[in-house]
Undergrad: 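Okay, here's the structure, questions in a sec.
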Amino acid sequence: MESGGSKRRVVVVGGGIAGSILARSIQFNADLTLIDPKEYLEIKWAQLRSKVEPSFAERAVVNYRDFFSNGRIITSTVINITENEVLTADGQHIGYDYLVIATGHSDNVPVSKTERLHYYDAENQKIQSARSILIVGGGPSGVELAGEISTDFPDKKVTLVHKGPRLLEYIGPKASDKGLSLLRSKKVDVKLQQSVDLKSASDGSQLYRTSTGESIKADCHFLCTRVPLSTAWLNETILKTNLDKDGRLKVDEYLRVKGRSNIFAIGDITDVPELKLGHAAIHHAYLVAKNLKLLMGGGKESKMSVYKPGPEVAMVSLGRKHAVAQFPFATVGGRIPGLIKSGDMFVGRTRKHLGLEP
């Protein structure tokens with residue numbers, strides 16, 4: 001709704017895929033501010049491919065200004081929220097009529113795109129110069145990295161250690177089994193129900209000790225364990241009572257923070273009972289964009305769209321041609337799901353959401 005010729009003030013905190021698509025979608029409907037500690041969006045499901053092929057990151061790391069032209073970008077972190085403004089770490093106070101929290105996970109990444117691309121060059125050099133590689137963590141990141149390295153560098157000895165009883169524990173056991181079989185077919189040595197003492201190789205021996213007393217020789221290692229949610233800062237704000245025991249924001253059916261009429265949350269930080277995947281975050285962004293346009297245009301709250309989780313589909317790439325896919329009706333592994341995801345890692349499709357060339 002415009003009052004006296006001025007648009008409503010919307011602040012989006014977090015520029016991951018959900019925050020970025022939302023910002024792009026409403027940039028001409030609101031007086032919009034996007035706040036993020038970095039200057040770019042990174043398409044996260046391309047990260048592991050970018051380690052083996054650094055040039056891939058050129059399309060997966062996108063400056064905000066490439067798709068968000070009509071609004072302010074503040075490169076900082078938010079440290080507090082009040083009833084009508086947010087406070088940044090560099091001392092700025094930004095007023096809002098509507099607030100959207102989309103902070104995702106606490107990734108420690110550089111500020112600029114150039115620095116991020118240099119990071120992938122360095123990671124690739126680390127892989128290239130190693131004969132043996134240890135991957136710690138058997139979630140989607142660890143499994144995908146093992147698949148990428150074993151596909152592009154089949155002569156390297158790759159060992160994956162996971163403390164759980166099966167890989168990919170966030171999805172079903174059939175998908176876990178197929179992922180394990182595919183990795184072993186690529187000569188990846190998978191060790192389950194073990195943890196690794198990363199400090200044990202600090203003496204330069206390149207020998208890593210596991211919790212069972214086994215020693216693993218590796219020239220380098222990659223830590224692929226879960227990254228925490230970026231919501232701990234909310235414990236010092238007006239939303240401290242809106243966090244559940246896992247640190248997720250409790251939201252209603254419109255993706256508003258429960259008990260708040262003008263604060264929304266989108267992406268992995270919500271307590272919506274669904275797999276926390278990219279396509280769900282994109283769905284969140286479009287739904288909240290639609291609801292904000294309605295509210296800013298003077299529409300009734302009763303007309304807002306309700307969020308309904310879609311069918312749970314999860315795909316894990318294992319190199320350039322293979323993947324594991326879990327659908328509601330079946331679990332499939334091999335080249336068929338690989339044709340869907342593994343070639344382009346959904347980067348072209350995601351860039352289209354941002355109005356960019358694939």
Undergrad: Under a 4.0 Å threshold between the charged nitrogen and the carboxylate oxygen, would R116 count as salt-bridged to E42?
TA: yes
Undergrad: Apply salt bridge (Lys or Arg N to Asp or Glu O under 4.0 Å) to E53 and list each qualifying residue two or more places apart in sequence or on a separate chain.
TA: R320
Undergrad: Check the orientation of Y98 and F264. Use parallel for under 30°, tilted for 30 to 60°, and perpendicular for over 60°.
TA: tilted
Undergrad: Check this for me: does any side-chain nitrogen of one of R8 and D97 sit under 4.0 Å from a carboxylate oxygen of the other?
TA: yes
Undergrad: With R351, which residues qualify under side-chain contact (heavy atoms from CB on, under 4.5 Å), at least two apart?
TA: I43, R59, V62, V347, L356
Undergrad: Parallel, tilted or perpendicular: which describes the rings of F67 and Y64, with under 30° parallel and over 60° perpendicular?
TA: perpendicular
Undergrad: Below 4.0 angstrom, N of the basic side chain to O of the carboxylate: do K38 and D36 qualify?
TA: yes
Undergrad: Quick check: closest heavy atoms across E148 and V52, and the distance to 0.1 Å?
TA: OE1-CG2, 3.6 Å
Undergrad: A cation-pi test, strictly: NZ or CZ of R49 under 6.0 Å from the centre of the six-membered ring of F56 and no more than 45 degrees from its axis. Yes or no?
TA: yes
Undergrad: Is there a donor-acceptor pair under 3.5 Å between the side chain of D219 and the backbone N or O of S132?
TA: yes
Undergrad: Would you say that L22 contacts L292 through its side chain, given a criterion of any heavy-atom pair below 4.5 Å between the two side chains?
TA: yes
Undergrad: Please determine if E274 and K308 form a salt bridge, counting it only when a charged side-chain N lies under 4.0 Å from a carboxylate O.
TA: no
Undergrad: So that I can tick it off, tell me whether D189 and K157 are bridged by a salt bridge, with the cut-off set at under 4.0 angstrom between side-chain N and carboxylate O.
TA: yes
Undergrad: Mind checking whether L234 and L99 sit in one hydrophobic cluster, side chains of I, L, V, M, F, W, Y counted as touching below 4.5 Å?
TA: yes
Undergrad: Can you see whether T331 engages K178 through a side-chain donor-acceptor pair at a distance of less than 3.5 angstrom?
TA: no
Undergrad: Work out which heavy atom in D121 is nearest to a heavy atom in P54; give both atom names and the distance.
TA: OD1-CB, 3.3 Å
Undergrad: Has E236 got more than 12 heavy atoms of other residues, nucleotides or ligands less than 6.0 Å from its CD?
TA: no
Undergrad: Check K51 with E144, please: is the shortest side-chain N to carboxylate O separation under 4.0 Å?
TA: no
Undergrad: Is R256 salt-bridged to D252, cutoff N-O under 4.0 Å?
TA: yes
Undergrad: Which residues pass the salt bridge (Lys or Arg N to Asp or Glu O under 4.0 Å) test with R184, not counting sequence neighbours?
TA: none
Undergrad: Is it the case that K199 places NZ or CZ above or below the six-membered ring of Y208, under 6.0 angstrom from the centre and within 45 degrees of the axis?
TA: no
Undergrad: With distance as the sole test, does K163 use its side chain to make a donor-acceptor pair with the main-chain N or O of L192 at under 3.5 Å?
TA: no
